[in-house]
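Take a look at the structure set out below.
Values in this document were obtained by computation on a predicted structure and should not be read as measured data. Sequence lines set the chain letters: A, B, ... in the order given, protein chains first and strands last, and positions in each chain run from 1.
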Protein chains: 2
Amino acid sequence: MNGDHMNRPLTFILADDHALVREGLKMLISTMDNMSVVAEAADGEALLEQVTKTRADLLLLDLGMPGVAGIQFISDIRELVPRLKIIVLTANIEPRTVRAAVEAGASGYLTKDGDPEELGEAIEAIRKGGTYLARTVRFAVGEASGSGRQHAVPDILSPVPLTRREREILALVAQGLTAREIAERLGISPLTVRKHRENLMGKLNLHSAAELTAYAVRLGLPTA
Amino acid sequence: MNGDHMNRPLTFILADDHALVREGLKMLISTMDNMSVVAEAADGEALLEQVTKTRADLLLLDLGMPGVAGIQFISDIRELVPRLKIIVLTANIEPRTVRAAVEAGASGYLTKDGDPEELGEAIEAIRKGGTYLARTVRFAVGEASGSGRQHAVPDILSPVPLTRREREILALVAQGLTAREIAERLGISPLTVRKHRENLMGKLNLHSAAELTAYAVRLGLPTA
DNA sequence: GTCGATATACGCCACATGCCGTATGTTTTC
DNA sequence: GAAAACATACGGCATGTGGCGTATATCGAC
C-alpha cells in the first residue's frame, strides 16, 4: 500500500473446506499476473495457524467452512493480523450477512455465483486501498450516497452482532435439538435456552426454529 | 466403451450454479489429457437444454443447484439421454443421498471436500464402464462384497423414494412455513399437511421440522 | 376387478414453541 | 465506580408439533 506498486507479487491464503474448489481457485489465480497462493486451509484451526505463520497480503475466505462461525471470524483475524486484507467468498447473499461482513472488516465480498472476472476486479480495488462488493450484493449496503438504488433494502436490521452464547445456541438449534436437549448439553436451564433463542429470533427477525435452522445452514454452520 | 479407446476427446457438461466454481473446474479439466468442456449450466432448466442439445459423454452435476430437486433429476436425465454418464459433485455426504444417487443412475459420486485427484480417478473408472465413489462416502454403500468395512453403516433406510406431494411439502417446510401456511398455499387441510409431514419424517428418519429443514437445505432445496 | 400406493381428512394427547413479562448476578465498558 | 450488556432463571398463555390411530376417494398396476 506504500511503495511496492506492482513489483512484489501479491500473496494469497485460500480458505475453503472444499479441496476441489480450492484447486480450481488456485488455477484461476495462477493465471493472473503477479499473484501466488502461499497457503491453504480447510478449516478454521488450520487457517488461524496459516494467517500467523505466513505473511500473505490477501485472504480468500469461504464463509461456509466448518469451525468458522462466520462473521465473527473476520473480526478475529483483523485483530490478529491487521495487514491481511480479507475477501469473503460465499454463496450467501443476504443483505444482513453482507453488511455484517463489511462492518467486521472484510475488504471484499464475492459470491460464488458471480462473474469470475469479479475476482480480478476485487483484487485490483483492494490493492488500491478500496473495498469491493460483488454486483449481486451491492444493493445490500445502500450505496451510501449513490445515484439511486434500484431496489429498496428489504430489512433494515443493524448488522446483528450475536453474543458468543447466542452463536453457540444457534449452532445447536441448527442441528435440530430441542431447548431441553440444548440445556442438558450446556448444563443450563431449558428456560434460559429458550430465552437465548427468543433473543436470537428477535435479532435476526426470524420466527421459528425451522427458520433459524435454515438461516444457520445458509450461514455455513454445521448441521449434523 | 467400444472401439474408441482414447482417440476422441471426452466431452463434459458442467452443471454448477457457482460460476466461480465452474471456472475452476473447467481449468482443472483442461489440464487433463483429451478432455474438454462443451457446455455449462447454472440451473436445471439450462441443463436440460444442454443435455439434449449437446452430445457430451459426461455430466458433472452439482446436486445443490437451484431448480434441481436433487436425486430425482438424475433419473430424469438418465431417461432422457441414457448415453450420458453422470458424476455427482456435492458437499452432501449422507449415506442416504449417496445410495439414492447411485440407484438413480449416477456413475460417480464425488464430494467437494475430497481429494482433487479423485476426479481423474472417477473419469478413468467410468470410461471403463464402472462406477466411482469418493473415498469419503464409499462406506455408505456397504461395499457389496468388500473385504470389511471400517465403520458400520449408521442408518439402513432404503433410498427413500419421496412422492411428488411429499417433495412439494418438504420444500415448503424447509422454508420455515407452518402446517397451516402450507395448507393455505396448497389449498388443502392443515391436517393433511401434517400427515404428509409425518410420513416424510418417517421415511427420512427425522424427528422435527428443524431437522427436516436442515435436511432440505443440505439437499439443495431453496430456503428463501 | 382387485390391490396397493397416494392424497385427502379427522381426533387425541403430551410436549415444545413463540411471545410476553420479570428478576438477579456477572462481566465488560466507559 | 457507575452504566450497559450479557447470562442466568422463572411463569403464563395461545399455538404448533410429533406420534398415534382411523377413514375415504382416486388412480394406476397387475
I'd like a table of atom pairs between the protein and nucleotides 14-16 of chain D - only N or O on both sides, under 3.5 Å - with the distance next to each one.
residue : atom : partner  : partner atom : Å
D/dG16  : OP1  : B/Arg180 : NH1          : 3.2
D/dG16  : OP2  : B/Arg180 : NH2          : 2.9

* Verdict with reasoning, B/Lys195 to B/Asn199, per side-chain contact (heavy atoms from CB on, under 4.5 Å) -> CA-CA 6 Å; B/Lys195 177 53 87 183; B/Asn199 293 339; 3.9 Å; yes
* Could you tell me the separation between the CG atom of A/Leu170 and the P atom of D/dA7, rounded to a whole number of Å? => 13 Å
* **Closest contact, heavy atoms only, A/Gly176 versus B/Ala210** => CA-CB, 3.9 Å
* Nearest 0.5 Å, what's the CG-OG1 distance between B/Leu172 and B/Thr213? -> 11.0 Å
Identify the pairs formed between an N or O of the protein and an N or O of nucleotides 20-22 of chain C at a distance under 3.5 Å, and give each distance.
residue : atom : partner  : partner atom : Å
C/dC20  : N4   : A/Glu198 : OE1          : 3.4
C/dG21  : O6   : A/Lys195 : NZ           : 3.3

* Between A/Asn199 (CG) and D/dA9 (P), how many Å, whole number? -> 14 Å
* Nearest listed nucleotide, side chain of A/Met201, among D/dC10, C/dA7, C/dG18 -> C/dG18
* How many Å lie between CD1 on A/Ile169 and P on C/dT17, as a whole number? -> 12 Å
* **Whole angstrom value for the distance that separates C1' of C/dA23 from CG of A/Leu191** => 13 Å
* Gap between atoms CG and P, on B/Leu212 and C/dA16 respectively (whole Å) -> 18 Å
* Given the rule in the side-chain contact (heavy atoms from CB on, under 4.5 Å) test, do B/Arg165 and B/Leu186 qualify, once you have shown the distances and angles that lead to the verdict? -> CA-CA 10 Å; B/Arg165 199 55 149 178; B/Leu186 297 181; 4.1 Å; yes
* **Verdict with reasoning, B/Phe12 to B/Thr54, per side-chain contact (heavy atoms from CB on, under 4.5 Å)** => CA-CA 10 Å; B/Phe12 279 82; B/Thr54 70; over 6 Å; no
* Measuring from A/Leu191:CG to A/His196:NE2, what's the distance to the nearest 0.5 Å? -> 11.5 Å
* List the steps and the verdict of side-chain contact (heavy atoms from CB on, under 4.5 Å) for B/Leu212 and B/Met201. => CA-CA 7 Å; B/Leu212 260 189; B/Met201 288 192 288; 4.0 Å; yes
* To do: With the side chain of A/Ser189 defined as its heavy atoms from C-beta on, choose the nearest nucleotide among C/dC19, D/dA9, C/dT8.
  => D/dA9
* Any B/Val88 side-chain heavy atom under 4.5 Å of B/Asp62 side chain -> no
* Asked: Checking side chain to side chain contact (heavy atoms under 4.5 Å, CB included) against B/Tyr109, which of B/Ile87, B/Thr90, B/Leu89, B/Ile86 comes through?
  -> B/Thr90
Check: protein-nucleotides 25-29 of chain C nitrogen or oxygen pairs below 3.5 Å:
none

* Asked: Out of A/Val38, A/Leu59, A/Leu25, which residue meets the side chain to side chain contact (heavy atoms under 4.5 Å, CB included) rule with A/Leu14?
  -> A/Leu25
* To do: Scan A/Thr192 against the nucleic acid and name what it touches under 4.0 Å (heavy atoms): base, sugar-phosphate only, or nothing.
  => base
* What is the distance from CD of A/Glu166 to P of D/dC6, rounded to the nearest Å? -> 7 Å
* Could you check how far NZ of B/Lys203 sits from P of D/dG19, rounded to whole Å? => 16 Å
* Mind checking B/His196 for me? I need base, sugar-phosphate or nothing, with any heavy atom below 4.0 Å counting as a touch. => base
* Structure fact -> Between the CD atom in A/Gln175 and the OG atom in B/Ser208, the distance rounded to the nearest 0.5 Å is 11.5 Å
* To do: Using atom CD1 of A/Ile188 as one end and atom P of D/dT8 as the other, report the distance to the nearest whole Å.
  => 4 Å
* Asked: So, A/Arg197 and A/Glu166, do they make that salt bridge, N to O below 4.0 Å?
  -> no
